[in-house]
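For reference, the structure is listed below as structure tokens.
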Amino acid sequence: MDTYRHRGQRRQLIDELRATGRFSEKVLKVMGIIPRHAFLESGFHGWAYRDEAFPIDCDQTISQPSTVAWQSTELQVLPRQHVLEIGTGSGYQAAVLSVLGGRVFTVERHAPLYKKAKLTLKKLRLDHIRCFLRDGNKGLPEFAPFDRIMATAGAESVPEKLKEQLKVGGIMIIPVGPEGKEQRLLKIVRTSKDNWTEEDLGSCQFVPFAQGLVK
Ligand code: SAH
């Protein structure tokens, strides 16, 4: 349930994020609507509106709100665009992308997380978000190409299949870096059939982009 207290804490978090001047107003407005606590275990409900990452199942984390705001701002989702997210986790980022107007396809490799996120999104009446239990390295070929792709796990290098599944003119935001070393958030734009540009947006920290499924 979204209580008066949750709403107050959420408003305060959004005000703090807004004060940094780094994030789009559209994204902040959406994050002001979505109850982040609904994506966390009840033990974390009191903390859900701090700008912190928290553990979810399978040794993974829900991203920090400022990271969600950063990635979502850079992705520049427009209404009805087809958006692929790699790393459903709790489902929170997928919810943000959906309320921004995207047609969201989200992929997770851990079965328990996939199941739980699907349930959470259903409870919030966001069950038009399509969830898949897949290895994100392969993307989602049957629904490609995508206008936007966002990875919420740090890859060693940009998976080729994801580059191929990006529309010409499309944008991908993905953390990249060797395991255990610093990751950089990259913005990749497909400028033509055979060309992609790459922009380094800055340092970041994500759980690893892994291989294969975990049932
Ligand atoms: N977007 C999530 C953040 C989850 S953390 C949220 O809003 O809560 C990153 C997620 O990426 C983890 O759940 C992890 O299991 C998943 N992941 C890592 N490698 C993956 C892969 N190859 N395919 C699909 N999901 C992957």
Side-chain angles (χ1 to χ4, degrees), residues 13 27 30-31 33-41 44-45 47-75 77 83-100 102 104-121 123-124 126 129-141 143-144 146 148-163 165 172-179 183 185 204-215:
L13 169 67
V27 167
V30 165
M31 290 177 65
I33 297 170
I34 300 173
R36 185 176 187 243
H37 66 275
F39 295 85
L40 292 167
E41 293 292 342
F44 290 109
H45 282 189
W47 298 350
Y49 298 101
R50 292 187 188 188
D51 189 20
E52 286 175 27
F54 292 111
I56 52 176
D57 291 343
C58 308
D59 271 335
Q60 304 300 314
T61 54
I62 183 174
S63 303
Q64 218 177 315
S66 53
T67 303
V68 172
W70 184 25
Q71 285 196 288
S72 305
T73 296
E74 293 293 348
L75 200 66
V77 176
V83 183
L84 172 64
E85 181 199 21
I86 309 295
T88 313
S90 67
Y92 177 71
Q93 174 71 75
V96 171
L97 295 171
S98 172
V99 180
L100 278 168
V104 179
F105 300 76
T106 181
V107 174
E108 173 56 56
R109 66 186 282 270
H110 282 107
L113 288 174
Y114 155 78
K115 285 185 199 146
K116 198 166 183 179
K118 231 174 123 98
L119 209 70
T120 307
L121 292 169
K123 280 189 197 148
L124 294 172
L126 289 168
I129 295 176
R130 278 164 278 193
C131 300
F132 300 84
L133 179 62
R134 298 275 186 96
D135 179 355
N137 284 290
K138 301 188 179 118
L140 214 50
F143 295 102
F146 296 95
R148 299 287 185 264
I149 298 179
M150 180 192 286
T152 62
E156 298 246 331
S157 60
V158 185
E160 277 307 312
K161 295 251 164 67
L162 295 186
K163 286 173 77 173
Q165 290 176 25
M172 166 158 45
I173 302 291
I174 181 167
V176 176
E179 208 174 335
Q183 297 168 347
L185 191 63
C204 59
Q205 202 178 1
F206 287 83
V207 295
F209 198 124
Q211 305 275 342
L213 291 185
V214 187
K215 299 249 173 172

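When a ligand or atom number is given, it counts from 1 through the structure's own listing order. Keep in mind that what you see is a predicted model, and the values were worked out from it rather than measured.
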*Is it the case that Gln93 and Ser72 place a side-chain donor and acceptor less than 3.5 Å from each other?*
yes
*Heavy-atom nearest neighbour in the protein, as seen from atom 18 (C) of ligand 1, with distance rounded to 0.1 Å*: Pro208 O, 3.5 Å
*For atom 10 (C) of ligand 1, find the nearest protein heavy atom and state the residue, atom name and distance (0.1 Å precision).*
Gly87 CA, 3.6 Å
*Does an N or O anywhere in Thr61 fall below 3.5 Å from an N or O of ligand 1?*
no
*To the nearest 0.1 Å, how far is atom 25 (N) of ligand 1 from its closest protein heavy atom, and which atom is that?*
Arg109 N, 3.3 Å
*What part of His110, side chain from CB on, backbone N/CA/C/O, both or neither, has a heavy atom under 4.0 Å from ligand 1?*
side chain
*Using a 4.0 Å heavy-atom cut-off, say whether Arg134 meets ligand 1 through its side chain, its backbone, both or neither.*
backbone
*Heavy atom of the protein closest to atom 8 (O) of ligand 1 (residue, atom name, distance)*: Ser90 OG, 2.6 Å
*Thr88: numbered ligand 1 atoms lying under 4.0 Å from its heavy atoms*: 1 (N), 2 (C), 6 (C), 8 (O)
*Using a strict 4.0 Å cut-off to heavy atoms of Asn137, name the atoms of ligand 1 that fall inside it.*
22 (N)
*Around atom 23 (N) of ligand 1, find the nearest protein heavy atom and jot down its residue, atom name and distance.*
Gly136 N, 2.7 Å
*Is the closest basic N to carboxylate O distance between Lys116 and Glu41 below 4.0 Å?*
yes
*Answer whether the closest heavy-atom distance between the side chains of Phe209 and Asn137 falls below 4.5 Å.*
yes
*What part of Val207, side chain, backbone, both or neither, has a heavy atom within less than 4.0 angstrom of ligand 1?*
side chain
_Closest contact, heavy atoms only, Tyr92 versus Ile62_ = CB-CD1, 3.8 Å
*Is Val96 near ligand 1, meaning one of its heavy atoms is under 4.0 Å from it?*
no
*Is Ala94 touching ligand 1 with its side chain, its backbone, both, or neither, if touching means heavy atoms under 4.0 Å apart?*
neither
*Could you tell me whether Glu108 approaches ligand 1 through its side chain, its backbone, both or neither, with non-hydrogen atoms closer than 4.0 Å?*
both
_With a heavy-atom distance limit of 4.0 Å, tell me whether Leu113 approaches ligand 1 through its side chain, its backbone, both, or neither._
side chain
_Proximal atoms of ligand 1 relative to Val107 (non-hydrogen, under 4.0 Å)_ = 24 (C), 25 (N)
*Fit a plane to each ring of Phe132 and Phe143, take the angle between them on a 0 to 90° scale, and name the class: parallel (under 30°), tilted (30 to 60°) or perpendicular (over 60°).*
tilted
*Which distance, rounded to the nearest 0.5 Å, do you find between the CE of Met150 and the OG1 of Thr106?*
10.0 Å
*Which residue supplies the protein heavy atom nearest to atom 14 (C) of ligand 1, what is that atom called, and how far is it?*
Gln60 OE1, 3.3 Å
*Does an N or O anywhere in Ala153 fall below 3.5 Å from an N or O of ligand 1?*
no
*Find all atoms of ligand 1 within a distance of less than 4.0 Å from any non-hydrogen atom belonging to Gln93, and give their numbers and elements.*
1 (N), 7 (O)
_Heavy atom of the protein closest to atom 22 (N) of ligand 1 (residue, atom name, distance)_ = Ala210 O, 2.6 Å
*What are the two closest non-hydrogen atoms of Asp135 and Ala210, and how far apart are they?*
OD1-O, 4.0 Å
*Counting each atom of ligand 1 from 1 as listed, which ones have a heavy atom of Asp135 under 4.0 Å away?*
21 (C), 22 (N), 23 (N)
